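The shown structure was predicted, so the numbers you read here are calculated from the model rather than taken from an experiment. These values consider heavy atoms only, across backbone and side chains, with no hydrogens, waters or symmetry-generated copies.
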Amino acid sequence: MVVNIYDTANQMGQDLSKTEEYKALKLAYAKMQEDEKAYKLFKEFQTIQMSLQQKQMNGEEMTDEELENAHQLSEKIGEFEAIKDLMAKEQVLSEVMNEVNSIITKPIQDLYRN
């Protein structure tokens with residue numbers, strides 16, 4: 001029997017988009033986009049986060065200025081309910097994804113336990 005794990009993964013992606021957690025995140029994102037200032041700040045924060053993650057993966061040092069900028073942006077984000085709600089919804093969906101990942105990787109975990 002040939003198993004195509006990618007078909008299963010594609011189905012899981014489709015199923016994920018039907019979950020209440022995903023729908024709540026999608027709604028929160030749409031609401032956040034309605035607030036132009038919140039959306040602009042959110043996109044700026046995403047860009048800085050990605051840049052810092054890339055530096056970290058490359059083993060590069062982050063400058064004090066970059067860290068301070070990220071910290072200031074993080075504080076500003078806390079002033080926008082729409083962004084805080086979006087991040088809360090992201091956290092809930094992340095927990096679901098972590099549970100799914102644990103299920104998927106269980107055979108590997110079991111293998112190494114023996």
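- Under the side-chain contact (heavy atoms from CB on, under 4.5 Å) criterion, N10 pairs with no residue at all, not counting sequence neighbours.
- The environment of CD in Q56 is sparse: at most 12 heavy-atom neighbours from other residues, nucleotides or ligands sit within 6.0 Å.
- Every residue two or more places apart in sequence or in another chain that forms a side chain to side chain donor-acceptor pair (under 3.5 Å) with E75 is listed here: H71.
- Within the model, atoms OG of S74 and CD1 of I48 stand 10.5 Å from one another, a figure rounded to the nearest 0.5 Å.
- Checked by atom type, the side-chain pair Q11/D7 shows no donor-acceptor distance below 3.5 Å.
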Name each donor-acceptor pair under 3.5 Å that joins a side chain in residues 22-44 to protein atoms two or more places apart or in another chain, with its distance.
| residue | atom | partner | partner atom | Å |
| --- | --- | --- | --- | --- |
| D35 | OD1 | K37 | N | 3.2 |
| D35 | OD1 | A38 | N | 3.2 |
| K43 | NZ | Q46 | OE1 | 3.1 |

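- With a 4.5 Å cut-off between side-chain heavy atoms of Ile, Leu, Val, Met, Phe, Trp and Tyr, the cluster of I5 takes in Y6.
- Remark: K18 pairs with no residue by the salt bridge (Lys or Arg N to Asp or Glu O under 4.0 Å) rule, at least two apart or across chains.
- By the side-chain contact (heavy atoms from CB on, under 4.5 Å) test, S102 is found to be paired with no residue, residues two or more places apart in sequence or in another chain being considered.
- For the pair I104/M12, a side-chain contact is recorded, criterion being any heavy-atom separation below 4.5 Å from C-beta on.
- Here salt bridge (Lys or Arg N to Asp or Glu O under 4.0 Å) pairs that include residues 101-112, with residues two or more places apart or in two chains, are K106-D110, D110-R113.
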Less than 3.5 Å apart, which donor and acceptor atoms pair up between the side chains of residues 59-68 and the rest of the protein, not counting sequence neighbours?
| residue | atom | partner | partner atom | Å |
| --- | --- | --- | --- | --- |
| T63 | OG1 | E66 | N | 3.0 |
| T63 | OG1 | E66 | OE1 | 3.4 |
| E66 | OE1 | K55 | NZ | 3.0 |
| E66 | OE1 | T63 | N | 2.9 |
| E66 | OE2 | K55 | NZ | 3.0 |
| E68 | OE2 | Q72 | NE2 | 3.0 |

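- In this structure, Q14 has no side chain to side chain donor-acceptor pair (under 3.5 Å) partners at least two apart in sequence or on a different chain.
- Taking Ile, Leu, Val, Met, Phe, Trp and Tyr as members and joining any whose side-chain heavy atoms lie under 4.5 Å apart, directly or through other members, M50 forms no hydrophobic cluster with any other residue.
- The side chain to side chain donor-acceptor pair (under 3.5 Å) test applied to T105 returns Q109, not counting sequence neighbours.
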Report all side-chain donor-acceptor pairs from residues 76-97 shorter than 3.5 Å, counting only partners two or more places apart or in another chain.
| residue | atom | partner | partner atom | Å |
| --- | --- | --- | --- | --- |
| E81 | OE2 | K84 | NZ | 3.0 |
| D85 | OD1 | K89 | NZ | 2.8 |

